[in-house]
Amino acid sequence: MNQIFLNNDTVAVARALLGQELTYSDGHTQYQGLIVETEAYLGERDAASHAFKGRRTIRNEALYGPRGSIYVYTMRGLFLLNFITEAKNKPRGVLIRGLEPTAGLAQMIQNRHGKTGAELTNGPGKLTQAINLHTLAYNGQQLGSVPLNLSRQQIQQPQLIRALPRIGVPNKGRWTEANLRFVVWGNPYVSKMPKSAIDWQNRGWQNEKTNHG
DNA sequence: GTGATGATTGGCT
DNA sequence: GCCAATCATCACG
């Protein structure tokens with residue numbers, strides 16, 4: 001299993017995932033992208049979590065799986081991708097909210113019906129559509145035991161990680177306010193990144209080496 | 001470029 | 001029936 005998940009701390013995992021490369025093959029195209037935005041969901045006590053107050057159903061069962069396993073759920077016909085971050089029966093995880101594409105770009109544009117640039121992958125439902133991940137079959141499986149995986153090493157190092165409130169969590173008091181969303185500051189594939197803050201040169205990474213166009 | 005709104009699928013009460 | 005860890009689109013200015 002990837003070393004990241006040995007942190008035993010959901011927030012630490014959410015931060016450590018930034019700059020990691022996600023890889024997925026749909027059997028036709030190999031898709032890759034750097035993770036630029038994540039959200040932490042802290043289990044039974046977190047009013048925004050699907051496991052709030054210990055709720056456990058067939059639908060969210062994969063949230064109770066072991067660290068490093070996959071939790072996918074649908075919402076309004078979209079698929080949202082999460083990784084489980086702590087021990088079995090501790091329903092905590094990280095939602096992947098933004099990707100900077102590094103492979104499979106042309107097919108992503110097609111999957112997204114001609115959308116380009118940040119609109120390709122700057123949202124949790126958008127990125128799964130871009131990489132053609134539309135199945136619940138990986139639920140409960142370990143990353144790497146299926147065609148979905150993380151690169152072994154950190155590919156890029158963020159210059160600055162900012163912690164901000166999560167998106168789509170209204171009327172939940174301190175859980176609405178909590179800074180549990182983590183972003184690579186300046187990266188254009190982050191939801192609602194102010195245009196004035198976008199770093200067009202390095203996209204928020206240290207020592208940018210490659211140019212993806 | 002920001003904010004409001006309608007679309008729309010499936011799970012749960 | 002209701003509501004959701006969303007998205008696309010359309011008014012603005």
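Throughout, a chain's letter reflects where its sequence line sits, starting with A, and its residues are numbered from 1. Atom set for the values below is all heavy atoms of this structure, side chains included, hydrogens, waters and symmetry mates excluded. Being a predicted model, the structure only gives us computed values, none of them experimental.
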**OP:** Look at the side-chain N and O atoms of K126(A) and state whether any lies under 4.0 Å from the OP1 or OP2 oxygen of dA8(C).
**Re:**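 For K126(A), the contact criterion (side-chain N or O under 4.0 Å from OP1 or OP2 of dA8(C)) is met.
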
Original post:
Does dA8(C) have OP1 or OP2 sitting under 4.0 Å from an N or O in the side chain of R112(A)?
Top reply: yes

**OP:** Counting Watson-Crick and G-U wobble pairs only, both distances under 3.5 Å, name the nucleotide matched with dC12(C), or none.
**Re:** dG1(B)

Subject >> Pairing partner (Watson-Crick or G-U wobble, both distances under 3.5 angstrom) of dC7(C) >> reply: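 The answer is dG6(B), by the H-bond criterion.
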
For [X] and [N], give me the distance from atom [atom1] to atom [atom2], rounded to whole Å.
X       : N       : atom1 : atom2 : answer
F182(A) : dA5(C)  : CZ    : C1'   : 15 Å
I167(A) : dA4(C)  : CD1   : P     : 17 Å
M75(A)  : dC12(B) : CE    : P     : 14 Å
Q129(A) : dT9(B)  : CD    : P     : 14 Å
R166(A) : dT6(C)  : CZ    : C1'   : 16 Å
K192(A) : dG1(B)  : NZ    : C1'   : 13 Å
H113(A) : dC7(C)  : NE2   : P     : 14 Å
L42(A)  : dA5(C)  : CG    : C1'   : 13 Å

Under a 3.5 Å cutoff, is there a donor and acceptor pairing between the side chains of [X] and [Y]?
X       : Y       : answer
N82(A)  : Y41(A)  : no
N132(A) : Y31(A)  : no
Q20(A)  : Q154(A) : yes

Measure from the side chain of [X], starting at C-beta and using heavy atoms only, and say which of [options] lies closest.
X       : options                 : answer
R76(A)  : dA5(C), dC7(C), dT6(C)  : dT6(C)
T74(A)  : dA5(C), dG10(B), dC7(C) : dG10(B)
K195(A) : dA5(C), dC7(C), dG1(B)  : dG1(B)

Original post:
Is atom CG of N171(A) surrounded by more than 12 heavy atoms (other residues, nucleotides or ligands) closer than 6.0 Å?
Top reply: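 Open.
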
Original post:
Within a radius of less than 6.0 Å around NZ of K88(A), do more than 12 heavy atoms belonging to other residues, nucleotides or ligands occur?
Top reply: no

**OP:** Could you point out which residue of E44(A), E39(A), E86(A) forms a salt bridge (charged side-chain N to carboxylate O under 4.0 Å, His left out) with R92(A)?
**Re:** E86(A)

**OP:** State which residues pass ring pair (Phe, Tyr, Trp, His ring centres under 6.0 Å) with Y73(A); sequence neighbours excluded, sorted by chain then number.
**Re:** H50(A), Y71(A)

**OP:** Strictly below 4.0 Å, heavy-atom distances to any atom of DNA chain B: list the hits from residues 49-61 of chain A, or just say none.
**Re:**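 R55(A), T57(A), R59(A), in order of number.
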
**OP:** Treating Ile, Leu, Val, Met, Phe, Trp and Tyr as nodes and any side-chain heavy-atom pair under 4.5 angstrom as an edge, say whether L143(A) and L99(A) lie in one connected cluster.
**Re:** yes

**OP:** Kindly work out whether a path of hydrophobic side-chain contacts (I/L/V/M/F/W/Y, heavy atoms less than 4.5 Å apart) joins I70(A) to I96(A).
**Re:**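 Same hydrophobic cluster.
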
**OP:** Residues of residues 77-99 of chain A with any non-hydrogen atom less than 4.0 angstrom from an atom of DNA chain C: list those, numerically ordered, please.
**Re:** L78(A), L80(A), N82(A), L95(A), R97(A)

Subject >> Member of D9(A), N8(A), T10(A), N7(A) meeting the side chain to side chain donor-acceptor pair (under 3.5 Å) criterion with T85(A) >> reply: T10(A)

Subject >> Stacked pair Y41(A)-dA5(C), distance under 5.5 Å, angle under 30° >> reply: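 Stacking is present between dA5(C) and Y41(A), given that their ring centres fall under 5.5 Å apart and the planes under 30°.
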
